[in-house]
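Below is one structure, written out as structure tokens; comments come after it.
So you know, we letter chains A, B, ... as the sequences are listed, proteins then strands, and number each from 1. Quick note: numbers below take in every heavy atom, side chains included, and nothing from hydrogens, waters or symmetry partners.
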Protein chains: 2
Amino acid sequence: MPFSPDSIKAVVFDVFGTVVDWRTSIISEGRALGKRKGIEADWEAFADAWRGKYQPSMDRVRKGERPWTKLDDLHRESLVELLKEFKIYALSEDEIEDFNRAWHRLDPWPDSVEGLTRLKSKYVIATLSNGNVALLLNMAKRAGLPWDAILGAEPARSYKPTPESYLRTAEFLGLPATQVMLCAAHNDDLLPARSHGYSTAFVRRPDEYGPKQKKDLEAEHDFDVIGESIIEIAEKLNC
Amino acid sequence: MPFSPDSIKAVVFDVFGTVVDWRTSIISEGRALGKRKGIEADWEAFADAWRGKYQPSMDRVRKGERPWTKLDDLHRESLVELLKEFKIYALSEDEIEDFNRAWHRLDPWPDSVEGLTRLKSKYVIATLSNGNVALLLNMAKRAGLPWDAILGAEPARSYKPTPESYLRTAEFLGLPATQVMLCAAHNDDLLPARSHGYSTAFVRRPDEYGPKQKKDLEAEHDFDVIGESIIEIAEKLNC
């Protein structure tokens with residue numbers, strides 16, 4: 001059956017990479033901090049290494065090797081490890097805490113606010129992110145992301161791509177999964193969502209991981225909607 | 001220490017009675033349904049009886065006598081009981097389901113949207129309601145309530161006034177309870193919130209329970225802010 005935009009009532013979004021450009025933002029926060037504190041470091045490598053610890057840190061929670069831990073705390077543990085690895089010793093506790101909150105201050109891609117605003121006129125729009133609520137909320141206030149609701153791993157108490165992360169989010173929305181669409185820039189997020197009944201929208205973000213990006217350069221499956229921006233996704237959903 | 005509007009970062013709201021006029025809305029939905037189906041009933045008494053089952057139905061969940069059950073389901077169980085008590089047999093399953101969703105279609109008090117919009121310019125504003133997420137989300141979309149986040153009993157998995165309902169909501173916001181204010185029209189909601197560190201705003205809704213209202217006609221404690229409307233609360237918080 002061909003996909004119809006009228007078959008869905010909510011569009012939920014992956015956030016890191018899909019809605020916001022985490023890499024440019026973290027590099028820029030690192031450089032500014034380095035300048036303030038006189039720290040010489042390869043901030044591109046630092047940003048990539050920080051993000052590199054993202055999946056492994058959630059894996060321990062997913063496997064039940066540690067109790068539920070929100071992403072702010074995982075980010076901070078990774079940051080403390082990385083500061084040692086990069087031999088950066090000049091930061092106070094407050095400065096480490098503030099640098100960790102750089103993830104609350106990520107800038108959106110240029111099309112995100114307009115695309116979301118258009119989708120919001122027709123659908124419920126919400127996050128379905130591994131970021132914790134406070135992170136996503138502070139990000140939204142600063143960047144003007146007009147979410148109807150902040151959902152995802154923390155309210156569901158389960159990190160994507162577990163079945164619970166998708167199914168509990170649909171339950172919070174009060175909708176069968178078949179009436180929810182996930183929009184993401186990542187094939188390995190959309191594929192499990194689809195297996196649980198979600199409709200799927202792939203937005204191409206070929207610069208998310210910088211000039212050397214190898215993954216997710218294209219949609220690798222026949223997702224319901226594919227676009228170069230959230231604005232294009234909105235257009236294809238007749239918004 | 002006198003209360004300072006700068007000491008808080010988020011204002012969370014009780015919703016039923018504080019932000020929306022549930023009684024007028026439910027009576028009006030009942031009357032419209034009665035007219036469509038040719039049902040004669042005292043819809044004022046029906047609305048009051050439905051709301052009368054609200055606290056007892058949550059009590060069984062609070063006491064652990066039954067597992068977590070969202071408010072939509074409690075509302076529906078109460079509705080099915082009441083239809084029998086009122087000898088109303090003319091409704092199909094779909095009509096019962098639609099009537100139950102009248103709680104998703106409650107109208108705001110006339111000051112709510114403006115008051116919330118003003119508060120949103122300075123603070124994070126969110127729900128802290130016993131309503132489930134879908135109920136609050138659908139209500140917000142319909143009524144134009146500009147929440148930054150939909151929080152409360154369902155994400156916290158605990159019905160007010162349990163300690164968990166207040167403490168987990170502050171945790172979702174990433175704030176100490178001392179930086180969160182609860183705005184409510186109910187003394188028995190604000191008092192426990194205050195005992196857990198929240199600041200408090202009492203908004204007077206002397207018509208919530210209709211012309212015979214006896215409770216909550218006035219703030220019975222020295223709450224931090226007291227107003228006749230959410231607009232007045234916003235003004236007193238310098239918004």
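The shortest distance between side-chain heavy atoms of B:Leu137 and A:Val124 falls below 4.5 Å.
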Short donor-acceptor separations (under 3.5 Å), chain B to chain A:
from     : atom 1 : to       : atom 2 : distance (Å)
B:Lys70  : NZ     : A:Glu171 : OE2    : 3.3
B:Lys120 : O      : A:Lys141 : NZ     : 2.9
B:Tyr123 : O      : A:Lys141 : NZ     : 2.8
B:Ala134 : N      : A:Phe172 : O      : 3.1
B:Lys141 : NZ     : A:Lys120 : O      : 2.9
B:Lys141 : NZ     : A:Tyr123 : O      : 2.8
B:Lys141 : NZ     : A:Asp148 : OD1    : 3.4
B:Lys141 : NZ     : A:Asp148 : OD2    : 2.7
B:Asp148 : OD1    : A:Lys141 : NZ     : 3.4
B:Asp148 : OD2    : A:Lys141 : NZ     : 2.7
B:Glu171 : OE2    : A:Lys70  : NZ     : 3.3
B:Phe172 : O      : A:Ala134 : N      : 3.1

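The two residues A:Leu173 and B:Ala134 come nearest to each other via the heavy atoms O-CB, 3.4 Å.
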